[in-house]
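Everything quoted here is computed from the prediction, not taken from an experiment. Residue numbers start at 1 and run along the sequence shown.
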Amino acid sequence: MSATIRLVRKGKKNRPFFRIVAISKEKDGRGDVLEILGHYDPLPENKVIEIKEDRLQYWFSVGAKPSPTVKSLMKKKGVFIPPNVDK
């Protein structure tokens with residue numbers, strides 16, 4: 001099974017809230033996620049980014065790849081990105 005780490009949109013109209021999840025590439029992300037790894041709230045003045053770094057490192061160790069958006073959020077948060085994660 002090939003997994004990816006990406007955002008899933010939650011919240012209401014004009015009030016987005018995103019979960020950072022590990023999910024199989026074959027799934028659409030509407031509810032069948034493997035694990036919730038954190039959340040991202042883009043609306044407050046100080047944008048809130050919460051990431052479970054230990055679980056994120058586990059998913060990298062089993063071969064999961066982050067989406068470009070999640071990778072940029074990880075850089076903003078200062079989370080270590082392993083060198084073998086190319087995309």
Kindly compute the distance separating [atom1] ([X]) from [atom2] ([Y]), expressed to the nearest 0.5 Å.
{"X": "Leu56", "Y": "Ile51", "atom1": "CG", "atom2": "CD1", "result": "6.5 Å"}
{"X": "Lys65", "Y": "Ile5", "atom1": "NZ", "atom2": "CD1", "result": "10.0 Å"}
{"X": "Ser67", "Y": "Ile23", "atom1": "OG", "atom2": "CD1", "result": "11.5 Å"}
{"X": "Phe60", "Y": "Glu53", "atom1": "CZ", "atom2": "CD", "result": "10.5 Å"}

ILVMFWY network linking Phe17 to Leu7, side-chain heavy atoms under 4.5 angstrom: no
Shortest non-hydrogen contact from Ala3 toward Lys25: O-CE, 4.3 Å
Sequence neighbours left out, cut at 3.5 Å: what donor-acceptor pairs do the side chains of residues 33-48 make with other protein atoms?
unit_1 : atom_1 : unit_2 : atom_2 : d
Glu35  : OE1    : Arg55  : NE     : 3.3
Glu35  : OE1    : Arg55  : NH2    : 3.0
Glu35  : OE1    : Trp59  : NE1    : 2.7
Glu35  : OE2    : Arg55  : NE     : 2.8
Asp41  : OD1    : Arg15  : NH1    : 3.2
Lys47  : NZ     : Pro42  : O      : 3.1

Check: Glu50 and Ile20 side chains under 4.5 Å, non-hydrogen atoms: no
